[in-house]
2 protein chains.
Amino acid sequence: MPDYTPPAPKSERILNAAEELFALHGFDGVTLRGIATAAGVDVALLNYHFGVKKKLFEVVFMRRAEILNEARLNALLEAEASSGGRPSLEQIVSAFLRPIQRFQLTGDEGWRNYLALVGWVNSSSVWGEEMMHKSFDPLVTRFIEALKKNMPDADPQRIYWAYQFFSGALTLTLAQTGRIGRLSDGLCRESDVETVYDLMIPFVVAGFRKLCMEHPEGGA
Amino acid sequence: MPDYTPPAPKSERILNAAEELFALHGFDGVTLRGIATAAGVDVALLNYHFGVKKKLFEVVFMRRAEILNEARLNALLEAEASSGGRPSLEQIVSAFLRPIQRFQLTGDEGWRNYLALVGWVNSSSVWGEEMMHKSFDPLVTRFIEALKKNMPDADPQRIYWAYQFFSGALTLTLAQTGRIGRLSDGLCRESDVETVYDLMIPFVVAGFRKLCMEHPEGGA
DNA sequence: TGATGAATTCAACAAATGTTGAAAATTATC
DNA sequence: GATAATTTTCAACATTTGTTGAATTCATCA
């Protein structure tokens, strides 16, 4: 007989339904009534708990961002600790990706939806920028510092660009568009979380090395 | 005194306005009245020329797809011809990217908007899939065949995944989110089309090499 | 039990949306 | 220059949208 007050389940059902629908259709493609129906509550309850629509979206977006940021930061700190402050490129990139994989491997539908949502927001030109900046850029800046330290001779511009390519490769995969499945005629599945990061990490690391650790005149 | 009948300018103004607004806000974030106002025409004209909203979007999306596909195919054919049917990895990747750069370098606002729109659709889970598939996958399949031929010993799965990462890196950059500018504090600008492909090509080529041309047990 | 406050639903609002049919204007054809 | 066809606008429609205030249910606790 636990004596804690269980959190109001309906407000969480709203957030979960909103998470899924926003991930599928984006901000403007979702109606408050659609969320309410999916959550099995009245429309007015959304306003009662979370205010206007945009505020609801922000709550959904921030809810798991902090958890993910903390997991990533811990992974980076651990990599730095276990390497005497000199983590390898693989370790840095892995610290950025493996926590995501861990959350996906739990099978939690919510995390899958959330990560697809991040993929969506990251590619959304107008107001995705503000939200990505506020919720992720502090941590990203920390990772980029680690990259700069790992490659002190690299042109910072190249590190930023390599990160941009890295970020694009990641977020497209998170977005769960199903395109690679169709393109490969079922040979590859985006849901194959077990192996995708085993491929993404070497791909990205090789790109970083080429871009940041070789001189431009390095050969054909 | 030219005797050709000039194409109805208003229907093109509609397409251009729609192109820009869809690229900025996505399908559901744009209203027909917003497009009509931006184009300086009446709302009903959109239905008259292009039918329902989704049809208008498809026209916008297909309009430049064929041009881009043709330019890319020609670039690939040229690379194959100039190499005796054995283009290098750099040549294949360049044939995929340089035509995009060429269109961007013309300074044509329409192409910039269109390419941002492609970036948006590519990351959009639900109905982006169908449109990307119909308009781009035939050409993409052709490129993947060239990649397979270039790396005959590679596991096809790895080629598809490497292409997925490639595609993500490209489309995030096309999406023009402005994020890298903010992250790098103005050091890098997405609009710097002159140099971004000079970096993207070696990044991607190195990733392909690592993933598809080395044995999995290849070293730490 | 009864009273207080929070959580939830009901009903409805004004505004905006996609779409359409008829009228007006423009262009092409003879 | 009259007629037909195309293009464009006008005005309005039925829905849907986000949002809100009042009413109702539920939980807490003296």
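Sequence lines set the chain letters: A, B, ... in the order given, protein chains first and strands last, and positions in each chain run from 1.
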Can you measure B:Tyr48 atom OH to C:dG18 atom P for me and round it to whole angstrom units?
21 Å
For A:Tyr160 and B:Ile180 the tightest heavy-atom approach is O-CD1, 3.6 Å
Answer yes or no: does a side-chain N or O of A:His49 lie under 4.0 Å from OP1 or OP2 of C:dT8?
yes
Just how far, in rounded Å, is P of D:dT15 from NZ of B:Lys53?
19 Å
Quick one: B:Arg33 CZ to D:dT16 C1', roughly how many Å, whole number?
13 Å
CG of B:Leu45 versus P of D:dT6: gap in Å, rounded?
15 Å
Length of the CG-P vector between B:Leu21 and C:dT17, whole Å:
12 Å
Please report the distance, rounded to the nearest Å, between NZ in A:Lys54 and P in D:dT19.
12 Å
Looking for any heavy atom pair under 4.0 Å, which part of the strands does A:Val52 touch: base, sugar-phosphate only, or nothing?
sugar-phosphate
Using 30° and 60° as the class boundaries, would you call the ring planes of A:Tyr163 and A:Phe166 parallel, tilted or perpendicular?
perpendicular
Which nucleotide, C:dT9, D:dC10, D:dG18, lies nearest any side-chain atom of B:Asp42?
D:dC10
Any donor-acceptor pair under 3.5 Å from B:Asn69 side chain to B:Ser135 backbone:
yes
Expressed in angstrom and rounded to an integer, what is the separation of B:Lys10 atom NZ from C:dT27 atom P?
10 Å
Pair B:Arg64 + B:Glu19, salt bridge at N-O below 4.0 Å:
yes
If you check every side-chain atom of B:Ala44, which of C:dT9, C:dG21, C:dG18 has the closest atom?
C:dG21
Separation of C:dA12 atom C1' from A:Asn47 atom CG, nearest Å, is 14 Å
